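Here is the structure we will look at.
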Amino acid sequence: MVKSEKGFLSGLILNIALLVATSNALAWGENGHQIVGEIAWVYLQPEVKTEVEQLLRVAGEPGLAEASTWADRIRREEQYKWTAPLHYINLPHDWSGYIETRDCPPAGCIVKALEKYEEVLSSPDATQSERAQALMFVAHFVGDLHQPMHTGLREDRGGNDIEVHFFGFPTNLHALWDVYLPAGFAADWRNYAQQQQKEISEAQRLAWQNSNKYEWTAESQHLAHNNAYTDDPNLGEDYYRRNREVVEQRLRQGGVRLAGLLNQAISPQLPRSNP
Ligand code: ADE
Ligand code: ZN
Ligand code: ZN
């Protein structure tokens, strides 16, 4: 192992210890969502940026990165309990493409929620407050949909019921992908996001934006079964090495695609009947 890798791993382990100590365990961690939001911001068209800034003022959020964690901050409040099933979709191992009537339960799922809030965001009839909330849902759900375990199996609640140890720390497979795998590089999320954004080539941006939410779902479902699910309850360096790149790529893709979605959904030229 080269020395910088060693430093990197000890940094990861220190971050895990800190996370465990403070039990700071939100979905995709807060950091994952902030990174996706921060990357997306760079790719917004100028007039879309202006519109997003207005909506963020309505929402009382300082930036897109911060606003993208709102859906996790409110999901346990009584009035927002109904939003909990909107953060994920449970798909079987042998799944081969999204069919709403089969795959999305009556309480809702992330794919249908994204469709709905995208529509609110682009509707000329929605109020600014409805659109501000839709923006925060969309920014969050694009991030969640890129986390493979958010398309995991129903029987283990997307890995929440699979107990594992990561470098000796007790956690579960879902939280591992939400929080602990990104912990190694997301300590300073703004810095990290800006550095990651510079790594994205124009060809990648085009290819990634030229895909839809059904394809993002399929990618996550494949990654869940090819990379995330494992029978080994004791995970550490090998698992981290195999999946670190995957996590980083999902964060970059999430950012680029969130921007593409917002650029499409927010057309400031449209006359609004409900300012
Ligand atoms: N979070 C809570 N329940 C979940 C489930 N069944 N699948 C994925 N993520 C979840
Ligand atoms: Zn999660
Ligand atoms: Zn979430």
Side-chain angles (χ1 to χ4, degrees), residues 16 19 23-37 40 61 64-77 80-93 95 98 102-118 133-164 166 171-183 186 189 213 216-225 227-230 243 246-247 250-251 253-255 257-258 261:
I16 296 168
L19 278 167
S23 53
N24 175 15
L26 287 170
W28 216 186
E30 283 217 307
N31 287 157
H33 287 289
Q34 287 159 331
I35 291 162
V36 167
E61 294 285 334
L64 184 59
E66 292 86 353
S68 70
T69 67
W70 173 83
D72 269 344
R73 282 183 260 135
I74 54 94
R75 69 189 280 184
R76 279 169 201 90
E77 290 176 18
Y80 286 112
K81 285 230 161 98
W82 60 274
T83 65
L86 309 186
H87 291 249
Y88 58 89
I89 183 166
N90 289 128
L91 300 170
H93 190 177
W95 179 80
Y98 179 71
R102 183 194 61 192
D103 298 332
C104 197
C109 68
I110 189 166
V111 178
K112 199 170 170 187
L114 254 182
E115 288 170 351
K116 177 187 158 176
Y117 290 110
E118 215 179 325
Q133 192 188 72
L135 169 68
M136 294 193 288
F137 275 132
V138 162
H140 183 86
F141 294 150
V142 170
D144 273 350
L145 190 51
H146 279 76
Q147 205 278 56
M149 294 314 277
H150 279 240
T151 65
L153 301 171
R154 181 171 308 281
E155 52 263 39
D156 54 47
R157 298 190 311 122
N160 275 295
D161 295 336
I162 302 178
E163 290 176 14
V164 295
F166 188 50
T171 180
N172 67 68
L173 210 51
H174 187 105
L176 182 59
W177 280 76
D178 266 353
V179 182
Y180 297 96
L181 287 176
W189 60 267
K213 57 178 83 62
W216 313 342
T217 309
E219 290 168 355
S220 269
Q221 196 266 351
H222 286 130
L223 289 170
H225 294 281
N227 291 68
Y229 276 112
T230 169
N243 292 306
V246 172
V247 176
R250 291 312 269 166
L251 293 170
Q253 288 178 324
R257 287 162 168 173
L258 172 59
L261 187 155

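Atom set for the values below is all heavy atoms of this structure, side chains included, hydrogens, waters and symmetry mates excluded. Quantities reported herein were computed from a predicted structural model and do not represent experimental measurements. Both counts, for ligands and for their atoms, begin at 1 and track the order of listing. Numbers here are sequence positions counted from 1.
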Exercise for review: Without swapping roles, check the side chain of Ser220 against the backbone of Thr217 for a donor-acceptor pair under 3.5 Å.
Suggested key: no
Point to revise | His174 backbone or side-chain N/O/S under 2.8 Å from the Zn ion (ligand 2) | key: yes
Review point. Is Tyr229 reaching over with its side chain to a backbone N or O of Leu153, donor-acceptor style, under 3.5 angstrom?
Key: yes
Check your understanding: Is the distance from the Zn ion (ligand 2) to the nearest N/O/S atom of Asp178 under 2.8 Å?
Key -> yes
Point to revise | Donor-acceptor pair, side chain of Asn243 and main chain of Val246, under 3.5 angstrom | key: no
Check your understanding: Do you see an N/O/S atom of His87, backbone or side chain, under 2.8 Å from the Zn ion (ligand 3)?
Key -> yes
**Study point:** Atom name, Asp144 (N, O or S, nearest to the Zn ion (ligand 3))
**Key:** OD2
Revision key, fill the gap. Checking distances from the Zn ion (ligand 3), one finds that the N, O or S atom of His140 closest to it is NE2
Review point. Between the side chain of Arg250 and the main-chain N/O of His146, is any donor-acceptor distance below 3.5 Å?
Key: yes
Check your understanding: What orientation do Trp70 and Phe137 show, parallel under 30°, tilted 30 to 60°, or perpendicular over 60°?
Key -> perpendicular
Review point. Would you call the rings of His87 and His140 parallel, tilted or perpendicular if under 30° counts as parallel and over 60° as perpendicular?
Key: perpendicular
Review point. Does any N, O or S atom in His33 come within less than 2.8 Å of the Zn ion (ligand 3)?
Key: no
Revision key, fill the gap. Contacts of Glu77 meeting side-chain contact (heavy atoms from CB on, under 4.5 Å) (sequence neighbours excluded), chain-then-number -> Ile74, Gln79, Tyr80
Exercise for review: Kindly say whether Pro92 contributes a backbone atom to a donor-acceptor pair with the side chain of Gln221 at under 3.5 angstrom?
Suggested key: yes
Study note, to complete from the structure: Protein neighbours of ligand 1 with a heavy atom under 4.0 Å, given by chain and number, are Tyr88, Asn90, Met149, Arg157, Gly158, Asn160, His174
Check your understanding: Ignoring hydrogens and geometry, is there a side-chain-to-backbone donor-acceptor pair from Asn172 to Ile162 under 3.5 Å?
Key -> no
